[in-house]
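See below for the structure under consideration.
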Amino acid sequence: MIIDTLVNFEVVASFEDPYQLLDQIKSFSGSIFLVDIGMPSISGIELTRKIRKADNHAKVILLTSNTDMQHVKLGLSVGVQGYLTKRVD
């Protein structure tokens with residue numbers, strides 16, 4: 001992971017299934033979560049709602065290939081602190 005190489009950052013967990021994260025959310029209280037908006041089992045928007053409900057101190061950054069402002073505004077409305085765009089080839 002590229003983020004592993006950043007100074008002062010530590011990846012403490014990675015989940016392929018967002019429901020595993022929700023089952024363990026209390027273990028990561030106050031963490032920063034990088035959430036993909038387009039997951040097959042749950043949208044990043046809905047996952048953000050659930051993260052923020054479980055831990056109102058959590059910070060969520062949305063990862064998306066879509067630069068449509070509607071998605072950005074929706075993310076901000078549910079508590080996303082920011083978003084990053086990703087290139088899809």
Side-chain angles (χ1 to χ4, degrees):
M1 290 177 146
I2 293 173
I3 201 164
D4 287 335
T5 64
L6 297 174
V7 177
N8 298 325
F9 282 90
E10 178 185 2
V11 176
V12 295
S14 166
F15 297 92
E16 291 197 24
D17 180 354
Y19 292 102
Q20 288 178 324
L21 165 64
L22 293 174
D23 288 342
Q24 299 178 36
I25 192 87
K26 297 296 183 194
S27 302
F28 305 107
S29 181
S31 293
I32 299 171
F33 297 91
L34 183 59
V35 174
D36 196 321
I37 196 169
M39 295 177 283
S41 59
I42 184 174
S43 77
I45 301 294
E46 185 58 30
L47 181 58
T48 297
R49 283 187 182 113
K50 291 177 182 294
I51 290 170
R52 299 283 294 150
K53 184 177 181 180
D55 179 2
N56 65 349
H57 297 292
K59 307 290 187 230
V60 178
I61 299 172
L62 210 53
L63 181 63
T64 180
S65 60
N66 189 336
T67 57
D68 179 9
M69 285 308 291
Q70 278 187 299
H71 285 99
V72 173
K73 288 178 184 177
L74 184 56
L76 293 172
S77 75
V78 299
V80 168
Q81 277 68 39
Y83 76 99
L84 297 170
T85 56
K86 62 181 178 178
R87 188 172 49 172
V88 177
D89 295 329

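What's counted below: heavy atoms across the whole structure, side chains too, no hydrogens, waters or symmetry copies.
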Can you list, pair by pair, the side-chain donor-acceptor contacts under 3.5 Å of residues 53-63, counting residues two or more places apart and other chains?
{"residue": "Asp55", "atom": "OD1", "partner": "His57", "partner atom": "N", "Å": "3.0"}
{"residue": "Asp55", "atom": "OD1", "partner": "Ala58", "partner atom": "N", "Å": "3.4"}
{"residue": "Asp55", "atom": "OD2", "partner": "Gly30", "partner atom": "N", "Å": "2.7"}

Problem - Between CE on residue Met39 and CZ on residue Phe15, distance to nearest 0.5 Å - result: 12.5 Å
Problem - Step-by-step side-chain contact (heavy atoms from CB on, under 4.5 Å) determination, Arg52 to Thr48 - result: CA-CA 6 Å; Arg52 299 283 294 150; Thr48 297; 4.0 Å; yes
Practice task
Kindly compute the distance separating CD1 (Ile51) from CD (Glu46), expressed to the nearest 0.5 Å.
Solution key: 10.5 Å
Exercise for the section: Using side-chain hydrogen bond (donor to acceptor under 3.5 Å, both in side chains) as the criterion, list what pairs up with Asp23, not counting sequence neighbours. Expected result: none
Problem - Which atom of Val35 lies closest to which atom of Gly44, heavy atoms considered - result: CG1-CA, 3.7 Å
Problem - Side chain to side chain, Ile32 and Gln81, heavy atoms closer than 4.5 Å - result: no
Exercise for the section: Find the distance between CG (Leu84) and OG (Ser65) and round it off to the nearest 0.5 Å. Expected result: 12.5 Å
Handout entry: Approximate separation, where rounding is to 0.5 Å, of Arg49 CZ and Ser77 OG
Key = 6.5 Å
Practice task
Could you check Asp36 against Thr64 for side-chain contact (heavy atoms from CB on, under 4.5 Å), going step by step and ending with a plain yes or no?
Solution key: CA-CA 6 Å; Asp36 196 321; Thr64 180; 5.8 Å; no
Practice task
Using a 4.5 Å cut-off on heavy atoms from C-beta on, say whether the side chain of Phe33 contacts that of Leu21.
Solution key: yes
Fill in the blank from the handout: Of all heavy-atom pairs linking Phe28 and Ala13, the shortest is CZ-CB, 3.5 Å
